[in-house]
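Notes follow the structure.
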Amino acid sequence: MSLSGMDRKLPHPASPTERDLASEIAAALRREYGDLPATVKQIARLANAKERTVKNWLAANNGPSGDKLVALMRHSDQVLEVVLRMSGRQELLRSSAVGDVFAKMQASLRTMEELFNQNAG
């Protein structure tokens, strides 16, 4: 027995709309880079995009395409966080935070060791 066209389609969980993504990316870019006059040029350079395109991203008129989004994620923790959160991968955010804390603890221990060695010598 074959499945009808309706039976072949599995329900998809609700996903964010393109408008939601564009708004979230715009907010993330503003949090990361601010609203300075040089912001558009800086983001354009990082994402290898045109300034007009970046202005559209910041206005949430549209979101970045795949390759531009990956470039933004490479340079912006805020954009990376938005993408992980909107994709339902919050557990990766937690692991990233634990890794950051661990790295800071290691740096603090190195600094304490250096101070100890200076005072001992």
Side-chain angles (χ1 to χ4, degrees):
M1 178 176 183
S2 65
L3 298 174
S4 70
M6 292 293 284
D7 293 332
R8 286 186 219 139
K9 294 182 181 179
L10 298 174
H12 293 287
S15 62
T17 65
E18 288 182 32
R19 174 63 47 209
D20 293 338
L21 179 63
S23 297
E24 291 287 331
I25 295 291
L29 290 171
R30 280 191 162 54
R31 282 192 304 273
E32 185 96 21
Y33 298 103
D35 282 323
L36 302 172
T39 296
V40 172
K41 288 183 183 201
Q42 181 181 10
I43 296 170
R45 188 175 60 252
L46 293 174
N48 194 27
K50 295 183 176 171
E51 289 182 27
R52 182 73 234 151
T53 300
V54 173
K55 288 177 184 177
N56 281 323
W57 295 343
L58 291 170
N61 293 333
N62 51 42
S65 62
D67 60 331
K68 305 301 184 200
L69 181 59
V70 170
L72 291 173
M73 291 167 59
R74 186 178 303 120
H75 296 286
S76 170
D77 291 341
Q78 294 291 321
V79 172
L80 176 61
E81 183 177 322
V82 163
V83 171
L84 290 174
R85 185 172 32 80
M86 291 186 81
S87 65
R89 302 298 304 265
Q90 292 87 336
E91 73 277 1
L92 294 176
L93 289 171
R94 287 188 290 276
S95 355
S96 174
V98 169
D100 289 346
V101 168
F102 185 71
K104 288 176 183 175
M105 288 174 59
Q106 285 181 317
S108 296
L109 288 172
R110 280 192 299 274
T111 302
M112 289 171 58
E113 184 178 19
E114 290 170 8
L115 290 171
F116 177 77
N117 289 337
Q118 288 174 358
N119 290 332

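Residues A47 and A71 approach most closely at CA-CB, 3.9 Å, considering heavy atoms. The shortest non-hydrogen separation linking L69 to I25 is CD1-CD1, 3.8 Å. L84 and S87 get closest at one heavy-atom pair: O-OG, 3.0 Å. When all heavy atoms of Y33 and H75 are compared, the pair lying nearest together is OH-O, 3.3 Å. Residues P64 and L72 come closest through the heavy atom pair CG-CD1, 3.7 Å. For A22 against G63, the heavy-atom pair with the smallest separation is CB-N, 3.7 Å.
When atom types are taken as modelled, the side chain of Q78 and the backbone of R31 share no donor-acceptor pair closer than 3.5 angstrom. Side-chain atoms of R30 come within 3.5 Å of backbone atoms of L58 as a donor-acceptor pair (strictly under, hydrogens ignored). Formation of a donor-acceptor pair under 3.5 Å by the S76 side chain with backbone atoms of M73 is not found in this model.
Between V79 and E32, the closest side-chain pair of non-hydrogen atoms is not below 4.5 Å. Contact annotation: the side chain of T53 never approaches that of N56 to less than 4.5 Å [non-hydrogen atoms, C-beta and beyond].
How far CD of Q106 is from CG of L109: 8.0 Å, rounded to the nearest 0.5 Å.
Applying the salt bridge (charged side-chain N to carboxylate O under 4.0 Å, His left out) definition to pairs two or more places apart or across chains, none involves residues 49-75.
The side chain to side chain donor-acceptor pair (under 3.5 Å) search around E81 returns none, not counting sequence neighbours.
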